[in-house]
Each structure stands twice: as C-alpha cells, then as structure tokens.
Asks: 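For reference, the structure I am asking about is given below.
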Amino acid sequence: MPERPTEVLGGVPVPSKTVVVVGHGMVGHRFVQELRERDVTDQWRVVVVCDEPSPAYDRVGLSSYVNSWDPDELALEGNTYPGDPLVTLLVGRSVTSINRVARTAVLDDDSSIVFDALVIATGSYPFVPPVRGADSPNCFVYRTLDDLDKIRATAEAAPAGANAVVVGGGLLGLEAANALKLLGLKPHVVEFAPRLMPLQVDEGGGALLAGLVTELGVSVHTGVGTTAIEPAGDNTLHVTLSDGSSIDNAALLVFSAGIRPRDQLARDAGLDVGERGGVLVDDGCRTADPDIYAIGEVAAVNGVCYGLVAPGYSTAEVVADRLLGGKSEFPGADLSTKLKALGVDVASFGDAMGASEGALEVVFNDPVAGTYAKVVVSDDAKTLLGGVLVGDAGQYALLKPMVGGPLPGDPAALIAPAAGEGVGLSALPDSAEICSCNGVSKGDICSAIAHGAQDVTAVKTCTKAGTTCGGCIPSINRLLADSGVAVSKSLCDHFHQSRSELFEIVRATGIRTFTDLVARYGKGGGCEICKPTVASILASTSSDHILSGEQAALQDTNDHFLANMQKNGTYSVVPRMPGGEVTAEQLIVIGEVAKEFGLYIKVTGGQRIDMFGARVEQLPLIWRKLVDAGMESGQAYGKSLRTVKSCVGTSWCRYGVQDSVGMAVDLEKRYRGLRSPHKIKFGVSGCARECAEARGKDVGVIATEHGWNLYVGGNGGQSPAHAQLLASGIDDRTLVAYIDRFLMFYIRTADRLQRTAPWIDSLEGGLDHLKAVVCDDSLGIAAELETAMESHVAGYKDEWSGVLEDEEKLSRFVSFVNAPAQPDPTIEFSEGSGRKVPVLLGTPQPGVRPPANGGS
C-alpha cells in the first residue's frame, strides 16, 4: 500500500498511519490510552467511532447510575482525549461496513475513513431468549445508560405496588433487581439454573445467597424458565413461568440472560467467527486479515470469548504493543471475580466448583451470620485450587493469589471465623497476582514500594494496580505496611499534623491566616495541598468571605473566581435553586443572561441550570443580573453543600407522604455555603419510591408515614457508595439536629478531600460509632456541634453578593491584569449538532479531518 503524505496540524506533522477503533466501551478506551501512552514517537493517528451518545463510561458500575442519573459520574477519566490532537472521537456515529480491499471503514452517513489498521471493539449485546411476548413495549434489556433511562421512565409511570420481573439471576440480573427496587417496584428474579449466580457460586453458596436476597425484598424463582409474556390491564404484564406459576401486575420485565458478541460487522466483512460467535483472533488478537484486530468481549481468542473487563484490558494492551512493532501475546484470562450483589459480597476464584480430579472441599456455612466460605484443595490438601465466598469476601484478596501454590497450613484455617490472623500476604510468592484487572503481581507492587512509592496513590501511578475496580486496595495497604512503610498522618511536607488536628488547632487558637498557622505549627511556604485545605478550615470556622485578605491567595482556580473553569478557559455559572425550586421570573432572567452573553445552557442532575462559556471578566456582569433577580451562588465550584435534590412530595404527587420540597428547601437554605473536606449532596424523597435518589447522597432523607428516615454516607462518582440508615421515624426537629451533628462531626474529623462514605468507613466502629455520637451523644458534644452549625447559619452571606459589593474583589475578575479591558483572544466556540461547544486550539473537532495543506 503506497505511503500517504504527512498532514500538518497547527504546524505539527500528523502521522500518516491511521488506526480506526470501532467501539468506545471500557476496552476500546483502554486501547486508545495504551497506544497513545506507548507511542512516544507519534506513529499513529487514532479515530474512534462511538455509536452510543456518551463516550466511554464505566459499564461495570452501570447500576450506580440509578443513584444519581448523572452520566458524567460514570464517565471514564480522559474519555474525550482533551488536548490530544492525534485522537479524533466521533460520538453517536457507527461503522456500517468494512471494505477490506479499499481499507476503509464506512460510516452511517456513507462517508468513509481510510485505515492502516482497524480494531473491532464492539463488545457484546444482551441475549433475549425466544419467549412469546418478548417484544412487548414493557420489556427491556440492561446494558446501556439509554436502557436504564427507558426502564426508569416506565417504572415511574407504574401503578403503586407494581411488580417487576428480571429474567436471569446472574450478577447483572441481581443488580437490575436492585435498581427496580430503588425505583419503587417489587422485583422478582427468574433463573433457569437451580441457584442464583450459577457461574460464580456452588449449591451451598447459592442457597445462602437466595436467602439473603429474599430478606432484602426480592422474590427469587430458581429452576424455572419464562414461557410467555402477555399484556394485562393497567399497562402491566402477565408473566407465565415453566412450572405453571405466574407473576401478575408486572410493570416491566428486564432480560439479563447473558450476552452475545457483537460480531455482525466482522461477519459482513467476511472475517472468520467462532463456533459460538465472536471474531476469531490469534494470540496477538489479529484476525485472518493482518490489518484488522479484535479486542474485548467481541474477540474470540483462539475460539474463546471472555466477558470480564480484565481479559478485555489484556487484549487492548496486546494490540497496542503489536501496532508499535511488539510481539505481545494474550496471556490467558483469570476468571476470578469479587462482586457485590444487592449489597451481598460474592467471590469465586480458581476451580470454584471442585471440578479437578481428586479435589477436596472444605466448607464453613453460617446461616445465622449470613456467611458461606469454601476452599477447594488438592487431594493431598497441600495446594489451593479455588474457592467460593458469600456474605463476607474479606479473605478474597489473600486467597486468590494463593491458587495453584502451596498452602501455608491447614486449609480450614484460611476460612475459619478467625482466618487471616496468622496468614498474611507475606506468605505469597512475588508472582502472585494482586490486581487481576491490570495484571499486577505482588512483586510489581513490592518493587514499586522499594523504589519510593510510599502510599496507595504512588503505587497506583507506578503499577496501575487499584485503578479499575479498587478491590485490591486493601492488599496494597497491607503490602505497604509489610514493607515497613509507616502510614503518615501528615497533611503534606509543610504540616506534620492531619487535617482534623489542624482544624482543632485553628478552632482552639483562633488563628485566622495561613501565614500565622504555618509559622506557628508548620514550616516553609505551603503548597497546593495545604493552602486550599487550610482555606477550607478557615472558611468552616468563620463567616469571613473566602476572597477576603490573605484567604484569596489560598484558593484554587475555581474558588478564586467562584465558578467552575471549563476546558477552554471559560467558566460555568450555576445559580442556587433550593430543592430544585425556581420562579418564572428567575427562569426568564436566566434565559436573558444566557442570550445576552451567548452561554450554553444545560439542566444538571442536581435540579439546577448550568450556563457554560462565560469569560472571567463577564462573571460579575452576569452575577449582577442574577443577584438582582434574587438568586444566589449555587457553589458548584466549592467543597461545600452543592444541592438538595427533591421530588415533589405531598405538594403534587399522589404517592407522597411528607412535604419533601419544603424540607429540601429548608435544608438547602440551612446548610448553603457550608465549607467541608469534600463536596456534599443531599436528597429528600417524599416516599419510598425514592425519586430524589436520596440513598445515593451524602445525606439522604426519605419520608415514611411515621416520620423521616435519615441515611448518610452515600455518593456517586468514581467510587459509588450507598448511604446507610442512621435513624428512622424521626420528626422534623430531630432530623435537623441529627444532620447538624453529622455534618459538623464530619467537617471536624475527616481527612483532606475525604468524602463522607470513606470517612464513615475510616471511623473506628464505623456506622455504629457514628450513631452513638450523633443519636446518643456518646461523646457529650452534641450541643457543641449544634451550636457550631447555628453559628454558620447565622453568619451565612452569599459569596457573589459579597464580591459585587467590594471593588477590591471585583478587580480580580480580569483575563489580563495588565490589560483588564481585554478579553482572552484564545477563547473560541463552534456550533456542533445545534450545541455551542468550546474550540481548543490545535485540536481537531469530532468528525473534522485536519486539512492536508497545513491550514488552520
């Protein structure tokens, strides 16, 4: 094939070789990251075709979407490749065919992309069994964000007390059941196998799991199939099972009966596929066509498809190496899994079912404690072959790396109630794999520690261990401790104290400046860690404006300009809308402001309106109009209270049992402006249908007929967490008192940038200790915590109003200090698909091929 001329982009040569990636799931994204990281001489230009409306997101964590309904919280880091001119991402587009002769990928608009290499990363699709009525409008699959949006819409329109059916009792089926339960439906799980999660657990573990799941409010039907799905009255379904029983009043049905490789594109191109589907590839993940590769779930490596993310990542790394001249081969797949199904820990590893010849099984089953543990060992009881853990998977990190190696002692000691007290990771060989997602061994981690990685963050950076599911982080901590690394409580090099200790110092001494604090209790001039941390502490202990005096110099960019900086140097503006309420007059002002300043408008997941594209010198002009309309800063930029999301409660909803809107408004006005170690979000739901997703928030309030239930410690984001019940059936006054105490206790004792969920986990005694402090006043500080909160409430002032009233503060809002009237000339926008989007200089826009003549 003749070599094409080198193109030029902004004066920089663009590689003549192009790789087209078809699909932008987790594995496709991993491939792009690996190739760009390894391609130090910029040999390849990458074009990614993503057929979903959202770029790569965490599909493994799909069910956490139900907690926030914010797709941004599932977005994988760097999934739009900002600032990389050699990656073009086409979102919402698809490849319809591959012309292997012309070496082109044909897109859905009949345009085509010439490739030197093509990577098929199309993943899989959900299998829908051939059941009569499976094409009903109320039948769904559970695979994408769009699927969950459709399920949510149907669930919210369902009659009160309606059932829901999930066909499939694997992990994803149980996650779907949990999502339906959170949406206010009564889930039934139908599994053809004789037990739930048949691929992960054995008969004993399955029996315990079924009992635990049933206790959580999910009806379980095992050993039966679905024979018919028929429409019934009130827009519901009648589902008939193979044993003659049926499920009536089903608002919807979700199929989660397995997946199949999305290999039709390869079939149409004449590429070989496996007997059970999947694009046939060799150990180098190459198809019969030497320029076409397949990775992830669609790849049948030597005839075998793998449905887990870890082997998918391995295929991505193999192809990235091959394109750069390497000879990597697929190393095989570790099918061990550690999962959480409806909050129940489930893990399996190695020969979990005891299929090996002569294998012996050692089992501990404690139905009272709700735990089941089994290890499978060789016939001489000297080698660990596999195991199953249900209810408590704490020993998974220790046991999995031992598979295939000699046992350190009695097999029963590994899973007995006191297991692990005498056996540690030190007993494992260096070759033992600690992070199965990224293939990182104990030796790799210990080597990184020996070469200076002194904390988990450093180990992650050096090895990638712990960067995917995070399940190996406890093992990393153990290895750090075993290596003699003392866990330092120091905030940074300038303060040997922890954040909580500095908080108490500030509170006790009355110090009000960073200069005084570092002079008396620290050393040096400070850094990007301690300066904003101290700024937050100072803001939490007084009502001083954060831009007053020395405080202004401590803030990061967002707090310094009281707005979120966006990718092109502009800022977003978010007015506060307590509980999601806004007047017609305020909406009109928002529209007028957006029109006058040319801002892009988006409704957020927190029931507010975000306006993007404001230049720094425009911020005071915009806020003057908003403040005059009676609106305040929404503090979307700060580590503080962000939003209090609410449903409409008894005001409008026929299911509401409490005034959720009134409570949400009261709570947001009470805690607005409250600075904390990390951002805080609330949710208030007017009934158990939970439309405000309160259990995915730091503070969740759910109405019952007996009062309010208070949940704490939930969050979305990179490490989603479900809030835990702190108190139930409490009145308004008690609710506010408990929240006061909870927030102030958190602000005083949490570490820097520690969200409420890991903070609760870090407390000695966890939730039980927190209940004792907050509800029972075990430390005798309840009155003090409430008084501190009252002081905050009394001293609250809107931060943007404070700026507008102060000429010195207003003088900060300029692009150039030496030319305050001049706007930033590098800020540009374009209109794409009817949306205003920022233009980053030197970056090709999606779908736009850089000109070959060197034009801009």
Side-chain angles (χ1 to χ4, degrees), residues 19-40 43-52 54-62 74-82 84 86-91 117-124 143-144 259 261-262 278-279 281 283-286 292-301 305-324 326 328-335 337 433 435-440 444 460-472 718-719:
V19 56
V20 174
V21 184
V22 186
H24 197 224
M26 298 178 72
V27 174
H29 177 52
R30 181 60 167 261
F31 165 75
V32 178
Q33 288 182 311
E34 288 290 329
L35 181 63
R36 293 299 298 127
E37 183 177 313
R38 299 170 186 228
D39 188 8
V40 293
Q43 300 176 40
W44 288 91
R45 177 182 172 209
V46 185
V47 180
V48 187
V49 185
C50 172
D51 62 356
E52 288 195 56
S54 299
Y57 56 88
D58 182 7
R59 202 182 304 276
V60 173
L62 180 66
L74 285 178
L76 295 181
E77 184 178 358
N79 65 352
T80 58
Y81 315 106
D84 190 341
L86 297 188
V87 181
T88 299
L89 174 62
L90 309 180
V91 177
L118 182 138
V119 179
I120 301 174
T122 47
S124 60
R143 184 67 176 166
T144 68
I259 56 175
R262 287 183 63 195
V279 185
V281 295
D283 284 330
C285 298
R286 180 176 289 185
I292 300 179
Y293 301 79
I295 59 177
E297 293 170 329
V298 73
V301 185
C305 291
Y306 299 95
L308 298 175
V309 69
Y313 283 170
S314 294
T315 60
E317 292 164 7
V318 166
V319 175
D321 181 68
R322 289 277 176 146
L323 290 185
L324 297 172
S328 291
E329 294 186 347
F330 182 66
D334 179 2
L335 301 183
T337 52
E433 190 172 71
C435 176
S436 59
C437 291
N438 296 287
V440 185
D444 295 332
K460 284 182 174 182
T461 302
C462 295
T463 67
K464 293 186 178 176
T467 59
T468 301
C469 76
C472 61
Q718 191 172 13
S719 301

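The model shown is predicted, which means the values in this text are computed figures rather than measured ones.
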Asks: Looking only at heavy atoms, which two atoms of Gly312 and Val27 are closest? And how far apart?
Replies: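 Minimum heavy-atom contact is O-CG1, 3.3 Å.
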
Asks: Can you tell if the side chain of Ile259 reaches within under 4.5 Å of the side chain of Arg143, non-hydrogen atoms only?
Replies: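 Contact flag for Ile259/Arg143 side chains = yes.
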
Asks: Between Glu317 and Lys464, does the salt bridge (Lys or Arg N to Asp or Glu O under 4.0 Å) criterion hold? Intermediate values first, please.
Replies: CA-CA 13 Å; Glu317 292 164 7; Lys464 293 186 178 176; 5.4 Å; no

Asks: Using a 3.5 Å distance criterion without hydrogens, assess whether the side chain of Thr88 forms a donor-acceptor pair with backbone atoms of Val47.
Replies: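 Not a single qualifying donor-acceptor pair exists.
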
Asks: Considering non-hydrogen atoms only, spot the tightest contact between Pro311 and Tyr306 and give its length.
Replies: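 For Pro311 and Tyr306, the tightest heavy-atom pair comes out as CG-CB, 3.7 Å.
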
Asks: Any sub-3.5 Å donor-acceptor pair from Asp283's side-chain atoms to Glu329's backbone N or O?
Replies: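 Flag not set: sc Asp283 to bb Glu329 has no pair under 3.5 Å.
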
Asks: Any idea which heavy atoms bring Gly25 and Ala56 closest together, and the distance?
Replies: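 Looking at all heavy atoms of both residues, the shortest contact is O-CB, 3.7 Å.
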
Asks: Any idea which heavy atoms bring Phe330 and Val318 closest together, and the distance?
Replies: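 What the structure gives for the nearest pair is N-CG2, 3.8 Å.
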
Asks: Less than 4.5 Å apart, side chain to side chain, heavy atoms only: is that true for Leu35 and Leu324?
Replies: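 Counting from C-beta outward, Leu35 and Leu324 do come under 4.5 Å.
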
Asks: What's the separation between atom CG in Asn79 and atom CE in Met26, rounded to the nearest 0.5 Å?
Replies: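 So the CG of Asn79 and the CE of Met26 are separated by 11.5 Å.
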
Asks: Where is the tightest heavy-atom contact between Ala294 and Ala299, given as atom of each residue plus distance?
Replies: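 So the two residues come closest at O-CB, 3.4 Å.
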
Asks: How about Thr144 and Arg59: do any of their side-chain heavy atoms sit closer than 4.5 Å?
Replies: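 Side-chain contact under 4.5 Å: yes.
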
Asks: Hey, are the side chains of Thr315 and Phe31 touching, using non-hydrogen atoms and a 4.5 Å cut-off?
Replies: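 Thr315 vs Phe31: side chains apart.
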
Asks: For the atom pair CG (Leu86) and CZ (Arg36), what is the distance rounded to the nearest 0.5 Å?
Replies: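 Atom-to-atom, Leu86:CG and Arg36:CZ are 4.5 Å apart.
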
Asks: Report yes or no: does His29 contribute a side-chain atom to a donor-acceptor pair with the main-chain N or O of His24 at less than 3.5 Å?
Replies: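 Such a contact is absent between His29 side chain and His24 backbone.
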
Asks: Between the side chain of Trp44 and the main-chain N/O of Leu323, is any donor-acceptor distance below 3.5 Å?
Replies: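 A pair under 3.5 Å: yes.
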
Asks: What distance separates Cys285 SG from Ile120 CD1, expressed to the nearest 0.5 Å?
Replies: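 Reported to 0.5 Å precision, the distance equals 12.0 Å.
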
Asks: Rounded to the nearest 0.5 Å, what's the gap from OG on Ser328 to CZ on Arg322? Could you check?
Replies: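 Between atom OG of Ser328 and atom CZ of Arg322 there are 7.0 Å.
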
Asks: Grab the two heavy atoms, one from Glu52 and one from Val91, that are nearest each other, plus how far apart they are.
Replies: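 Nearest pair, atom of Glu52 first, then Val91: O-CG1, 3.5 Å.
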
Asks: With rounding to the nearest 0.5 Å, note down the distance linking CD1 in Ile295 to CD in Glu34.
Replies: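 Those atoms lie 10.5 Å apart.
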
Asks: Donor-acceptor pair, distance only, cut-off 3.5 Å: does the side chain of Arg262 make one with the backbone of Val298?
Replies: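 No; zero donor-acceptor contacts below 3.5 Å.
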
Asks: With side chains defined as the heavy atoms from C-beta onward, is the minimum distance between Leu89 and Cys50 less than 4.5 Å?
Replies: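 SC-SC contact between Leu89 and Cys50 confirmed.
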
